[in-house]
Amino acid sequence: MSGYMIEQELGNLLPVEVPLATLLTQVEVDLDEPAFQHPSKPIGPVYTADEAERLAKEKGTIVICAGGGGIPTAYDENNKLHGVEAVIDKDLCSALLAEQLQADLLIIATDVDAAYVDWNGPNQKAIASAHPDVLDDMQFAAGSMGPKIEAACRYSRNTGKEAVIGALADIEEILQGIAGTRVSTSLQGINFY
């Protein structure tokens, strides 16, 4: 919440075209650490810039952002940034973030192993891979798979890279290219499992 408030106020002070980002950081500490008994202001060692950069590369931190689609905000007629009552689609937000970060691959993790045609119908089939144009002509549920398909198609079209929709439990297989629904402009037509 503090990051949101700071970001909003900076948005009010800086030009509209200056991008802002708030990252939530969770830090795990050892509660048995003796230093808790004698706290002091200086915490941790002092590193040179080169040493700090080397250590940062070794830690391999995973950054989590755009959770739930992010906090909806808008500039008013006076160029003041305010929170607004809205829902931001998390899949489309993630696709935009992946595009802006120049990610190599967008994975949209969900609770199903792939996107399906005729979901829960007599002709249900899992899509293995497809070109975005083919998916545009198909019907997917607006409240579930539809936004995921739209996000994957946008990412693939805008970057020329691949997006995959699949189960979080299958993440290793998705990375190996053997699970999930792959969406790419380099593919022809549609293939099923």
Side-chain angles (χ1 to χ4, degrees), residues 3-4 7-8 10-11 14-24 60-75 79 81 83-117 119 125-193:
Y4 164 64
E7 184 174 333
Q8 182 170 308
L10 282 172
L14 297 172
V16 174
E17 58 274 358
V18 175
L20 300 169
T22 300
L23 300 178
L24 299 176
T61 301
I62 295 173
V63 177
I64 301 168
C65 48
I71 300 168
T73 60
Y75 286 94
N79 268 348
L81 191 62
V84 295
E85 296 293 325
V87 175
I88 299 173
D89 183 82
K90 63 186 179 299
D91 300 309
L92 293 170
C93 184
S94 296
L96 179 60
L97 178 64
E99 181 181 338
Q100 291 177 347
L101 292 175
Q102 299 177 359
D104 295 326
L105 172 70
L106 170 64
I107 298 175
I108 300 174
T110 185
D111 57 354
V112 295
D113 60 347
Y116 284 78
V117 294
W119 176 250
K125 289 192 292 188
I127 302 170
S129 61
H131 189 282
D133 291 348
V134 175
L135 294 173
D136 285 343
D137 295 333
M138 303 174 82
Q139 297 293 319
F140 296 95
S144 60
M145 193 54 68
K148 293 170 182 21
I149 293 290
E150 183 181 351
C153 291
R154 278 191 195 181
Y155 176 79
S156 180
R157 282 190 180 107
N158 292 344
T159 66
K161 297 177 184 175
E162 189 173 70
V164 186
I165 301 167
L168 181 59
D170 297 338
I171 200 76
E172 288 183 28
E173 291 83 5
I174 288 171
L175 289 171
Q176 294 169 12
I178 57 174
T181 297
R182 308 191 96 66
V183 178
S184 175
T185 55
S186 66
L187 297 169
Q188 297 292 318
I190 187 168
N191 299 296
F192 297 94
Y193 282 106

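In this chain, residues are counted from 1 in sequence order.
- Electrostatic pairing of Arg157 and Asp133 counts as a salt bridge here, judged by a charged N lying under 4.0 Å from a carboxylate O.
- Surrounding CD of Glu172 are at most 12 heavy atoms belonging to other residues, nucleotides or ligands under 6.0 Å away.
- Using a 4.5 Å heavy-atom cutoff, the side chains of Ser94 and Ile108 are not in contact.
- Side-chain polar atoms of Glu99 and Thr159 form no donor-acceptor pair below 3.5 angstrom.
- Counting heavy atoms from C-beta on, the side chains of Val183 and Leu135 come closer than 4.5 Å.
- With a 4.5 Å cut-off on side-chain heavy atoms, Thr110 and Leu168 do not count as touching.
- Counting all heavy atoms, side chain and backbone alike, Val16 lies closest to Tyr75 at CG1-CE1, 4.0 Å.
- Between Ser184 and Ser156, the shortest heavy-atom distance links the atoms CA-OG, 3.1 Å.
- Shown here are the side-chain hydrogen bond (donor to acceptor under 3.5 Å, both in side chains) partners of Asn191, two or more places apart in sequence or in another chain: Ser129.
- Smallest separation of non-hydrogen atoms from Ala115 and Phe140: CB-CE2, 4.5 Å.
- Around the CD atom of Gln139, the shell of radius 6.0 Å holds no more than 12 heavy atoms that belong to other residues, nucleotides or ligands.
- With a 4.5 Å cut-off on side-chain heavy atoms, Leu175 and Ile107 count as touching.
- Two residues are said to be in side-chain contact when any heavy atoms from C-beta on lie closer than 4.5 Å; Tyr116 and Thr181 fail this criterion.
- The backbone N or O of Leu92 sits less than 3.5 Å from a side-chain atom of Asp89, completing a donor-acceptor pair.
- Separating the CG atom in Leu96 from the CG atom in Leu101 is a distance of 9.5 Å, to the nearest 0.5 Å.
- Using modelled atom types, no side-chain atom of Tyr193 and backbone atom of Ala114 make a donor-acceptor pair closer than 3.5 Å.
- Counting only heavy atoms from C-beta outward, the side chains of Val164 and Leu106 never approach each other to under 4.5 Å.
- Between the side chain of Arg182 and the main chain of Ile174, a donor-acceptor pair closer than 3.5 Å is present.
- Residues Pro147 and Ser144 approach most closely at CD-O, 3.4 Å, considering heavy atoms.
- We find the SG-NZ distance between Cys153 and Lys148 to be 13.5 Å, quoted to the nearest 0.5 Å.
- Annotation for Tyr155 and Glu162: closest pair CE2-O, 3.4 Å, computed over non-hydrogen atoms.
- The shortest heavy-atom contact between Lys161 and Gln102 is NZ-O, 3.4 Å.
- Contact check for Val112 versus Met145: side-chain heavy atoms found under the 4.5 Å cut-off.
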